[in-house]
Amino acid sequence: MSIDLKSENLYTQYLTRGKDEAKILGTSDIVKRSIDSGAADQLLNMSSLPGVIGLPIGLPDIHKGYGFPIGSVVAMDPDNGSISPGGVGYDINCGVALISTGVDAKTMRKYLRPLLDDLSSHIPVGTARSRNKLTESQIRTVVEEGIYWPYSMDMATEDDLIKTDFDGHLFGVDEVNISKEAYERGMNYFGTLGSGNHFLEVQRAEELIDHEASEVYGLVQDMAYIMIHTGSRGLGHQVATDYLEQIRALPHNLNLPDPQLSHIMLGSREADRYISAMNGAANYGFANRQFIIYQVRKSLTRVLGREFDAEEAQLIYNISHNLATFEDHHIEGRKRRLLVHRKGATRALPPDAVQGYYSGVGHPVLVPGSMGSASYVLRGKERNDAISMSTCSHGAGRSMGRKLARESISPERVKEEMKRMNIEYTFGNEIAAVEESRESYKNIDEVYAAITGSNIATGVAKLFPMGVLKG
DNA sequence: ATGTCC
């Protein structure tokens, strides 16, 4: 069926396909690419899920995923709506953490190669297993308590807790809702980075856009930072697989346009069980990122010695971009509670909706670019709940499928480009690096322009990679 | 995304 388009302005396009409706925040070029790739059809499929409030929204980095597009947000009526594991994705609580090093980029440059070597010898990448396997009792604590487990082990500071999305802990987890298989994968892969778009980067603050917010966040021109992108590894993947498998056999899920759109009604026993398991996987994701932050601090201490002061290596923020959560938003002039699915989409709460440490400023919104390109730190803009339910893009978004990338780009070309840009690299797998190369992704500056142009967030700082560790 | 196909 064909898709009709209506432009509201340069960065807001409405799509209609029969009775299905959706909105994409992005230029007509971004919308055109989403139609050509099939991502727009996936977004429109979401509109027929039970209990959608408003419209499914595609963000500027929208691209095709399994069932639901990556870079999408959809809110549900908590009383008569549904929840779909596909709207969260397989990597439950995938997210990004950014930490200061307190070291200037020039000094960091001298230690870059040994630092990457030290990091890669302590943080397994790709499919490599953990060097710090959890016991059965530890994994159960992690799933129930999230970041409080590393905190209890002196692997997190109090400051880390308050600068982590949801304070690094989601409630309502009953361990019986997570399978034995999921626990086993979780025990074996704790503290690992993973593959795909996951990475660890040493970055330099290249440009401060919003000087006041930069100061609050601890972003200083030409200082070095470390960004970590990873999620809940095999545990989250197994939870998603288990629940999709269980619910797709239910009668109402048998004739969907895509089995990944399988859903369950909020308030049902099945939905309660999925939410409990999803929150448990999210807690594991928070603990996993925190454990890697701890490893990074230890590496900096070992490699930089007296040039590094552990007190300076503060967290800027640890944010999630694959989660469904209950939140209050102003919709059509009134405040109401909604279940918001975000798949490859990051929260960008406006200043007045943020309590605690970043109250009145807004929490940092972390938007990594592709490998070999810039990353942005932004903050949510006032009244963005009416635009995107206070949601922002989570990255650049793919423009080329993995297969096409492998066929058209050589590892040599990627490595030459990294050298030309003076970016030190450690690739666990060269083919995987090709799939993640800059050429396979949209231009992050274009995505940034669409984010700010659509009034969902404003820029704080631009960071550029100095060194990268990839699965 | 993924012990990258039980």
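By convention in this document, chain letters (A, B, ...) are assigned in the order of the sequence lines, proteins followed by strands, and residues within each chain are numbered from 1.
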Can you tell me the distance, in whole Å, between the CD atom of A:Glu245 and the P atom of B:dC6?
12 Å

Figure out the CD1/P separation between A:Ile92 and B:dT2, and round it to whole Å.
12 Å

What is the distance, to the nearest angstrom, from the CG atom on A:Leu193 to the P atom on B:dT2?
9 Å

Could you state the atom-to-atom distance from NE2 of A:His237 to P of B:dT4 in whole Å?
9 Å

What is the distance from CD of A:Glu435 to P of B:dT4, rounded to the nearest Å?
14 Å

Rounded distance in Å - CG (A:Asp242) to P (B:dC6):
13 Å

Atom-pair distance (OH on A:Tyr66; P on B:dC5), nearest Å:
8 Å

Quick check, are the ring centers of A:Tyr148 and A:His169 under 6.0 angstrom apart?
yes

State, with a plain yes or no, whether a side-chain heavy atom of A:Leu261 is found less than 4.5 Å away from one of A:Asn45.
yes

Take atom CZ of A:Arg406 and atom P of B:dT4, then tell me their distance rounded to the nearest Å.
15 Å

Applying a 4.0 Å non-hydrogen cut-off, can you work out what A:Gly196 is touching in the nucleic acid: base, sugar-phosphate, or nothing?
sugar-phosphate

Do we get A:Arg140 above A:Tyr183's six-membered ring, with its NZ or CZ under 6.0 Å from the centre and within 45° of the axis?
yes

Taking the six-membered ring of A:Phe166 as reference, does the cationic atom of A:Arg347 (NZ for Lys, CZ for Arg) lie under 6.0 Å from its centre and within 45° of its axis?
yes

